[in-house]
Peer 1: 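Mind having a look at this structure? Questions to follow.
All ligand and atom numbering here is 1-based and tracks the order in the structure.
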Amino acid sequence: MKCRHYLILFFPVQSHINPSLQLAKNLAGSGAKVTLVTTNRGLKQMKSLPTLKGLSYASFSNENDDDYQSSSGFSSYVASLRSIGSQKLMRLMEKFSDDGEPVTLLVYSILLPWVAAVARELQVPSAFLFIQCATAFTIYHRFFNSQDGIHGRMDPSVSIKLLQSLPLFSFSDLPSFLLPDSPLSGFMIPVLQEHIQVLEQDPRSFVLVNTFEELEQESFKDIANMNIIAVGPLIPLAFCDGSDLTDKSFGGDLFSKSEDYVQWLDTKPKCSVIYVSFGSVAVIKKEQKEEILHALVESGRPFLWVLRSSNSEEEEVHKTMKNGVKGDGIIVPWCSQVEVLSHQSIGCFVTHCGWNSTLESLVSGVPLVCCPQFSDQTTNAKMVEEVWGTGVRAKANEESIVERGEIKKCLDILTGDEDRGKRIRENAVKWRGLAIEAVKEGGSTYNNLKKILEISG
Ligand code: UDP
């Protein structure tokens, strides 16, 4: 049997880095060779890199490397990655073959559909690592498949029945990029369409999804004609099934974290702290931050709030907020979120519902106040509130601001003694148990990982 060699190419943003690194660690932990590849700048920005037998890194330069953090430069950055990355990837793959370590499966994440063409040209099997939930994949497939895709034929005023077992989805519950007037939709729609098309063109290719089968059974049934495999939750093992207590972080943070918050959490009673974070990308308006701060203080509960600063002006605003905090709360620029969510003091999570954050909260059994901003976050919030029952969705006003009273109301539901709050907390515990079962020896994800190792050997 050939030595298994997985090459995983990922886009250098936090929510793509984390599941890619974890998949790499899980595969390397099973004895495979894994090479993680991204841009030079992306690799340099990652504060630390996991070291593990079988795991190595490679990178390539991209001429627009400085552009990707501005929304205007983002699409040209992605386009230049395609032209430069294709050639560099091809050369890297050839070099591995020449060195006697040919790549046996080429894995790529979202925004990089061109990788499948490189794999086809070199006759290497490929897999799309889908880092959103399987339901989001079902939606993209429903929109863009070449047989009966509904893209361009949908009436925005009509709700759709996606799957028999799911509630009706209105347009605003769908990933925002599918709405014609949403920012970036002109750029994202062709990318998503291409992802679906390249998978259709090569029926041998796989889709690896960062979820677990039990969580989204109906979505898996809906796309059962594709080679779709659940490999999640892709979360450091110490916080998941506990099978490797040394695996305590993803290991590729782009931001520097403060060091004081774990000690602070240690002093708080069980399930008392409200954790607030809106991920690594969303830009939150000053007005929204003020509403959150008021709600937190009025709740009378301790809170830990991650406020990232993307420029010096924002840094000043955050400094002022931090110094002016009344009540028992701390504001930090970044933290190890998986560590925080698994801390016994955390009682609930006010989140933007990025898929990694949503999944990490499910694994930790922490209920959610959902404040989705864009992309698949709206779909995740819908699933959390109406399907998995692990949280409540906060309603935004006409200016898209969630006001303090609304946040406070949601917090009261999650932390209070009413039936609704109790049910949500019970569901959170239930899904935590099922997520851990999936990863443990003999569980669905554990078996799927074995299957991948068998078929790509
Ligand atoms: N994260 C973290 N520390 C923070 C905030 C976020 O480690 O202070 C991690 C979080 O654990 C998750 C990722 O950053 O894995 C954010 O991904 P997500 O899909 O939730 O949101 P996005 O950043 O894409 O909006």
Peer 1: Given side chains that start at C-beta, do those of Ile139 and Phe169 come closer than 4.5 Å, heavy atoms only?
Peer 2: yes
Peer 1: With the threshold set at 4.0 Å, does a side-chain nitrogen-carboxylate oxygen contact exist between Glu437 and Lys430?
Peer 2: no
Peer 1: So which heavy atom on Ile274 is nearest to which on Ser299, and how close?
Peer 2: CD1-OG, 3.5 Å
Peer 1: So which residues, sorted by chain and number, lie with a heavy atom under 4.0 Å of ligand 1?
Peer 2: Gln14, Ser15, Asn18, Phe250, Ser277, Gly279, Ser280, Val281, Val306, Trp334, Cys335, Gln337, His352, Gly354, Trp355, Asn356, Ser357, Glu360
Peer 1: Flag the pair Glu314 and Lys289 as a salt bridge only when some basic side-chain nitrogen lies within less than 4.0 angstrom of an acidic carboxylate oxygen.
Peer 2: yes
Peer 1: So, the side chain of Glu403 versus the backbone of Asn397: is there a donor-acceptor pair under 3.5 Å, distance only?
Peer 2: no
Peer 1: Any luck finding a side-chain donor-acceptor pair between Ser249 and Glu339 under 3.5 Å?
Peer 2: no
